[in-house]
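Please read the structure below before turning to the comments.
Since this is a predicted model, take the numbers as computed values, not measurements. Note that ligands are numbered from 1 as they come in the structure, with each ligand's atoms numbered from 1 the same way.
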Amino acid sequence: MTRLDAVLWDMDGTLLDSEKLWDIAVRELAGELGHEMDDAMRHALIGASGPNAMRIMFTGLGLDPTPAAITEAGEWIERRVIELFQDPVPWRPGAADALATMKAAGIPMALVTNTKRSLTEYGLDTLDRGYFHATVCADEVPEGKPAPDVYLRAAELLGVAPEHAVAIEDSPTGALAAEAAGCTVLVVPCEIAVPTAPGRTFRDSLVGLTPADLHALVVDRHRVG
Ligand SMILES: [Mg+2]
C-alpha cells in the first residue's frame with residue numbers, strides 16, 4: 001500500500017534559519033586563517049558535514065588541509081557556532097506550524113542533520129525534542145550527507161521504508177543524501193538554488209504545508225514508478 005509513513009526533517013536552513021549563523025562562523029574562520037571567503041565557496045559549504053566542509057574550505061582558500069589543521073579549524077567553528085546558538089535560533093517561515101500539524105496528524109518524524117550531535121542539541125532546544133521520534137546526526141553514522149547514511153539510519157529507527165518517507169531539505173547536498181537513501185524528497189530552498197531533478201518536488205516555503213501534501217508526493221512517486 002502506498003502511503004506516507006514518516007517525515008524526515010533536515011535542520012539547518014529547513015526548520016531553522018541557522019545557515020545565517022553558520023555563515024557568520026565560517027566567514028570569521030576564513031578571516032582567522034588570513035583569507036576572505038567568496039560567495040562561491042560559501043555556497044559550496046552549505047549542507048556539507050564537519051570535516052568535509054573544512055577540507056572544502058582549506059582547499060578553496062589554497063591552504064594545506066593537514067589533519068591537525070582540519071581538526072583545529074573544526075574545533076574553532078564548533079566553539080563559535082555554540083556561542084551563536086546560545087540565543088534562540090530563528091525558525092524558517094512556516095516550520096513551527098508544519099511540525100505541529102504533522103504531529104497532530106500522528107505522523108512519525110525524525111530530525112536528520114549533517115550537524116554534529118553536540119551542536120544539534122542547541123538546535124533542539126529551539127525546535128522541541130517532543131516532535132521527533134528519532135534524531136540522527138552526521139557524527140553518528142559512517143558518512144554524512146550527501147551519503148545516504150543519516151537517512152537510512154533515521155528510517156531504520158522509525159521502522160519505516162525510506163520510499164514511504166518524505167525528506168524535507170533545503171540544500172543540494174541534503175537532497176542528494178535523501179535521494180540516495182530512497183526517500184521521496186521535498187526541496188524548500190533557503191540560501192542557495194537547488195537544481196531540479198527527476199522525482200524532486202519544490203516548494204517556496206513550509207507555510208501551509210499539510211499531511212495531505214506530503215501523502216500526495218509519496219503516491220505520485222509510486223505512480224510514476
Ligand atoms: Mg540544510
Does the Thr14 side chain pair with the main chain of Asp170, one donor and one acceptor, at a distance under 3.5 Å? yes
So, at under 2.8 Å, which protein N, O or S atoms would a careful student list around the Mg ion (ligand 1)? Asp10 OD2, Asp12 O, Asp170 OD1
Using a cut-off of 6.0 Å, state whether more than 12 heavy atoms not belonging to Glu83 lie near its atom CD. yes
When you check the side-chain N and O atoms of Glu169 and Tyr151, is any donor under 3.5 Å from an acceptor? yes
Is it true that, when you exclude Gln86 itself, more than 12 heavy atoms of the residues, nucleotides or ligands shown sit nearer than 6.0 Å to its CD? yes
Give, for atom CG of Asp23 and atom OG of Ser18, the distance between the pair rounded to the nearest 0.5 Å. 11.5 Å
With the threshold set at 4.0 Å, does a side-chain nitrogen-carboxylate oxygen contact exist between Lys20 and Asp17? yes
